[in-house]
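In what follows, a structure is listed as structure tokens, so that the remarks can point back to it.
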Amino acid sequence: MQQNVLGGIRRKLIASFLIVALIPLLLLASINKQTTQKALTDNARQALSVAANETAHRIDAFIDGNLNAVRVEAILPGLARYLSLTPQQRDDSPEMQLATETLSRLSRKDMLNILSYSLLDLNGKNVLDTDTSNIGKDESGENYFKKPLETGLSYVSGMKKSPIIPDLVNLFFSSPVRNAKGDILGVLRISYNATVVQQLVTRQTEMAGAKSFAILLDENNIYLAHSTAPELLFKSIVPLPLDIVTELQRKGRLLNAPLKELATNESQLKQALDNKQSYLIASLSATGNQVNLIAIAHLKYKPWSVLFAQPLAVALALVEKQTRDAMFLFAFIASVVTIIAFAIGQLLTQPIIYLTNIVSQFTAGNLDIRAKINSKDEIGQLAKSFNNMALQLQTSLTTLEQRVQERTAELVIAKEAAEDANQKLEQLVNLDGLTQIANRRCLDRRLQAEWNRLSRDAQPLSLILFDVDKFKLYNDYYGHLAGDDCLIRVAQTVQQTVHRPADIVVRYGGEEFLVLLPNTDLVGAIKVAQKIQQAIHDLAIPHAQSDIKNIVTVSLGITCVIPTLDIKPNKLIALADKALYNAKKQGRDRYCLAV
């Protein structure tokens, strides 16, 4: 009877070992497969999204940089003077020589990708060009001529195939040329080799994962770049209406080929683009109809889309390998568990099962349970040792719990005191004691941080340096206490005028203040300076000794740069200081620029 009981226990023990070991293993394998598949898909999607967004940012930065450049170049005085002459006065004039030298100098800044610089008059006629074969051409029908005249802003065109040079794709940047009165005299136009944009798309594929590829589509869903299928360039992802096809072919933005050869059939991709999706899984006929993970990012300055794709089978290749390894591991563990369970079942008896049960209850949290000692053999000694250990552990846990509670309370009090001290210290270190705005130490840290961040993003950083006009006379006449009160009112007024969280107002020294404006171009900085100047006027602080106005005024110097790692941040302050000097020299109560 006892042997049957023991045999039954052994059989149950073996069965229990197999169930406990193998069923969780099967569940774990299944969960692991699903988790791994999801993780791989998420990782691939994240990598593709990062690559797509980074590529979109790079193209946006390229477009933004060139739009800013052509806008600044268009205000060069030599260009406006040349266009202000009549056609008869232009030939062989000093203005023509100066304008020609200016265009040639500008075209040399990127001799690899800039094809030509040209000036177009108000009729769209090419009157001056670094590529002399273009002089005299009528470009009045092009958007890069019409848009700057309509909006008064710089403009970037779409990509178009060159009608003259095979395989050459053009991209145009343009900006209106104005005289000193602000009248538009013509358009400055830059012709770019669009290969530079296509390279921005294709060179990022390595970071997106194995066998990934990149695509750039324009607003009509026409391929502008494709890292693995360049034969698709200037074809659309779905067939376009005949009238649109005709118009795009006339503009050089679509291949001159039969309709059936002008489009692939990517209806899923078209639907995702129309719905502004950022991710989808779809097959692409242009890549052998294999299922792909596709991430989509959109540009800021053009209605274009950047797509990064990777075959789903490549992304999930690790899952298949893990499945094979899991099956092998399952068979191995099942064999090992069976052998071990049979051996233990042969050796252990009911006292072991009983003691195991006692231990299980204790480990589950029942610290009061104790084992009964029914023998003096090894099993009895083991039970006695367990009881001693349980008693010691229970006592230690009780004492430890009390100590942890006491120590936790002490740590909470110490943490609160340290946080309070740190907060007060931070305020003392970074705030100006008189005006309660940021001091130069705070400026140095923020300026360096913003410089590093904006140099990576190729975004503008503006700075306004200003001081109170004739402040020494104000101090001498009204006294230093009134002077301090004046500085406080000026500082707090400017602090309230600058609203964005990233902007910072700093007391730079004495009556001199500084405003740091990240992600702000020159036009935005001028608007902020005008608001500051008007706010100080509105304070109407009396200044009887000023020969400018009978109230306190300020002079401002404004500058804006796109930070780079080879320029020191102090250059920005030096430029603003130069502009401030010019404002004072020109009569004060005004602002000047230094680019």
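The figures that follow rest on heavy atoms only: side chains count, while hydrogens, waters and symmetry mates do not.
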List the steps and the verdict of side chain to side chain contact (heavy atoms under 4.5 Å, CB included) for Lys571 and Val561. CA-CA 9 Å; Lys571 179 68 173 176; Val561 300; 6.0 Å; no
So, [X] side chain and [Y] main chain: donor-acceptor pair closer than 3.5 Å or not?
| X | Y | value |
| --- | --- | --- |
| Thr130 | Leu103 | no |
| Asn292 | Ile294 | no |
| Asp64 | Asp60 | no |
| Asp138 | Ser140 | yes |
| Thr520 | Ala525 | no |
| Asn265 | Ala263 | no |
| Asp121 | Asn123 | yes |
| Thr264 | Ile237 | yes |
| Ser104 | Glu101 | no |
| His499 | Thr497 | yes |

Which heavy-atom pair separates [X] from [Y] by the least distance, and what is that distance?
| X | Y | answer |
| --- | --- | --- |
| Leu122 | Gly186 | CD2-N, 3.8 Å |
| Gln495 | Val505 | OE1-CB, 3.7 Å |
| Ala74 | Leu79 | CA-CD1, 4.5 Å |
| Ile558 | Ala579 | N-CB, 3.7 Å |
| Gly152 | Arg178 | O-NH2, 2.9 Å |
| Leu461 | Pro518 | CD1-CA, 3.6 Å |

Can you check whether [X] reaches [Y] side chain to side chain, under 4.5 Å on heavy atoms?
| X | Y | result |
| --- | --- | --- |
| Leu262 | Leu240 | no |
| Val187 | Leu119 | no |
| Asp110 | Val196 | no |
| Asn66 | Val70 | no |
| Phe173 | Glu73 | no |
| Val156 | Lys302 | yes |
| Leu299 | Ile63 | yes |
| Val245 | Leu254 | yes |

[X] side, atom [atom1]; [Y] side, atom [atom2] - distance, nearest 0.5 Å:
| X | Y | atom1 | atom2 | value |
| --- | --- | --- | --- | --- |
| Leu85 | Glu95 | CG | CD | 5.0 Å |
| Leu269 | Ser283 | CG | OG | 10.5 Å |
| Leu217 | His226 | CG | NE2 | 8.5 Å |
| Leu216 | Leu233 | CG | CG | 9.5 Å |
| Leu556 | Leu580 | CG | CG | 7.5 Å |
| Leu120 | Leu83 | CG | CG | 9.0 Å |

Assess the residue pair Gln448 and Asn452 against the criterion (side chain to side chain donor-acceptor pair (under 3.5 Å)); give the C-alpha distance rounded to whole Å, side-chain angles, the decisive distance to 0.1 Å, and a yes or no. CA-CA 6 Å; Gln448 186 63 55; Asn452 294 338; 3.1 Å; yes
Side-chain H-bond candidate by donor/acceptor type, [X] with [Y], under 3.5 Å:
| X | Y | result |
| --- | --- | --- |
| Tyr82 | Thr102 | no |
| Asn430 | Arg445 | yes |
| Gln46 | Asp42 | no |
| Ser157 | Asn143 | no |

Take a 6.0 Å sphere around NZ of Lys109 and say whether it holds more than 12 heavy atoms from other residues, nucleotides or ligands. yes
Residues [X] and [Y] bridged, charged N to O under 4.0 Å:
| X | Y | result |
| --- | --- | --- |
| Asp444 | Arg440 | no |
| Arg189 | Asp129 | yes |
| Glu219 | Arg253 | yes |
| Lys251 | Glu247 | yes |

Working for side chain to side chain contact (heavy atoms under 4.5 Å, CB included), residues Leu171 and Gln198: CA-CA 11 Å; Leu171 183 67; Gln198 295 171 333; over 6 Å; no
Out of Tyr591, Phe513, Tyr508, which one pairs with Phe466 under the ring pair (Phe, Tyr, Trp, His ring centres under 6.0 Å) rule? Phe513
Check against side chain to side chain contact (heavy atoms under 4.5 Å, CB included), Val201 and Trp304: CA-CA 12 Å; Val201 176; Trp304 297 350; over 6 Å; no
Between Ser118 and Asn134, is the side chain to side chain contact (heavy atoms under 4.5 Å, CB included) condition met? List the steps. CA-CA 8 Å; Ser118 66; Asn134 292 328; 6.0 Å; no
